[in-house]
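Worksheet: one structure, shown below.
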Amino acid sequence: MTDSVRTIAIDGPAGSGKSSVSKEVARRLGYGYLDTGAAYRGLAWHALEHGIDTSDSSAVLDVVGDFDYAISLDPDDYWVRVGSTDVTEAIREPRVADAVSGVARVPAVRASVTALFRALVAASTRAAVVVEGRDITTVVAPDAPVRILLTAAPEVRAVRRSKEVATQDAAAVAAALHKRDASDAKVVDFLTAAPGVTVVDSTDLDFEETVEAVLAVVRAGLDEPQLEAGAEHE
Ligand SMILES: Nc1ncnc2c1ncn2[C@@H]1O[C@H](COP(=O)(O)OP(=O)(O)OP(=O)(O)O)[C@@H](O)[C@H]1O
Ligand SMILES: Nc1ccn([C@@H]2O[C@H](COP(=O)(O)O)[C@@H](O)[C@H]2O)c(=O)n1
């Protein structure tokens, strides 16, 4: 079985529900969960710790060498570490979100983390891994048996995100989210579905309905042994 065959690929814009929905889908199927944005956020955090301007590509490359990154693929025990520091919460801070697109547009960074994502899936002991990000369906695992673009209307995504952020007003949260999408969209296309990718639009769905919609696509795309293998992990 190749690693692509063990990948459930989910892409989408900021705030579309990729992390929360993917994590829940992984839990219900007994699969691993890989948050790829965390690697870019972790590197942005690492660059900021070094006082680097993340819009300066060569300065970013200077700190890639000592970027010691680790992430859990267990949907029930999610953590992210850089060196000995647990950065699970820190990488969600607005200052990191504002800096991350600069890091993500560096081609050598993308090549390096893409190799890391594939290695993490290959090392997983689970029957499959739900991998979410921006270029999973197109670059990281274009051969995955299930490929989904999870979308929601921009204003709905902004409202959902602003409910989580207590330190900024709703307008500032919406502006930051749309600015990040605009920057990221210059690097990878996560707003239109590539051929063979199924769109799940959660604009009019609540969280549970969205999870069910994604599960239906996954079940339609996998064979019975792979679904049963996940259940056996429980
Ligand atoms: N269908 C839904 N209905 C209501 N709320 C939702 C739905 N899907 C996700 N959410 C909520 O929206 C918020 C954003 O979701 P989440 O963090 O999973 O998005 P994301 O796509 O991973 O964002 P980012 O790319 O910025 O990390 C969360 O609070 C999540 O619980
Ligand atoms: N496959 C990916 C995943 C993420 N990015 C970049 O990381 C940022 C943070 O991602 P979140 O999913 O945690 O919001 C995102 O804004 C992108 O800059 C990426 O390029 N490719």
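Each ligand, and each atom within it, is numbered from 1 in the order the structure gives. No hydrogens, no waters, no symmetry mates; every other heavy atom, side chains included, goes into these values. Sequence positions, counted from 1, serve as the residue numbers for this chain.
- In terms of polar-atom proximity, defined here as any N/O pair under 3.5 Å, R161 does make such a contact with ligand 1.
- The P13 neighbourhood of ligand 1 comprises atoms 21 (O), with distances under 4.0 Å to a heavy atom of that residue.
- Applying the side chain to side chain contact (heavy atoms under 4.5 Å, CB included) rule to A59 yields the partners I52, D56; only residues at least two apart in sequence or on another chain are considered.
- Residues satisfying the side chain to side chain donor-acceptor pair (under 3.5 Å) criterion with R180, sequence neighbours excluded, are absent altogether.
- By the 6.0 Å and 45° rule, R81 stacks over the aromatic ring of W79.
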Which pairs of nitrogen or oxygen atoms, taken one from ligand 2 and one from the protein, are under 3.5 angstrom apart?
residue, atom, partner, partner atom, Å
ligand 2, 1 (N), T36, OG1, 3.2
ligand 2, 1 (N), R134, N, 2.9
ligand 2, 1 (N), D135, OD1, 2.9
ligand 2, 12 (O), R134, NH1, 2.9
ligand 2, 13 (O), R41, NE, 2.6
ligand 2, 13 (O), R41, NH2, 3.4
ligand 2, 14 (O), R41, NH2, 3.1
ligand 2, 14 (O), R134, NH2, 3.1
ligand 2, 14 (O), R180, NH1, 2.8
ligand 2, 16 (O), R180, NH1, 2.8
ligand 2, 16 (O), D184, OD2, 2.5
ligand 2, 18 (O), D184, OD1, 2.7
ligand 2, 18 (O), D184, OD2, 3.2
ligand 2, 20 (O), R110, NH1, 2.8
ligand 2, 20 (O), R110, NH2, 3.2
ligand 2, 21 (N), R110, NH2, 3.1

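- Partners of T167 by side chain to side chain contact (heavy atoms under 4.5 Å, CB included), not counting sequence neighbours, listed by chain and number: P94, V165.
- If you check the side chains of H50 and D62, you find no donor sitting under 3.5 Å from an acceptor.
- Taking every non-hydrogen atom of L205 and a distance limit under 4.0 Å, the qualifying atoms of ligand 1 come out as 1 (N), 2 (C), 3 (N).
- For G37, the closest heavy-atom approach to ligand 1 does not fall below 4.0 Å.
- At least one N/O-N/O distance between G17 and ligand 1 falls below 3.5 Å.
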For side chain to side chain contact (heavy atoms under 4.5 Å, CB included), just list the numbers for Y78 and K23, CA-CA rounded to whole Å, side-chain angles, deciding distance to a tenth of an Å, and then say yes or no.
CA-CA 9 Å; Y78 173 81; K23 197 184 279 184; 3.9 Å; yes
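- Residues I8 and V25 are not in side-chain contact: their nearest non-hydrogen atoms beyond the backbone lie 4.5 Å or more apart.
- In this structure, R180 has a heavy atom closer than 4.0 Å to ligand 1.
- A 4.5 Å side-chain heavy-atom check between Y31 and S124 finds every atom pair outside the cut-off.
- Distances below 4.0 Å separate heavy atoms of S20 from the following atoms of ligand 1: 9 (C), 15 (O), 16 (P), 18 (O), 30 (C), 31 (O).
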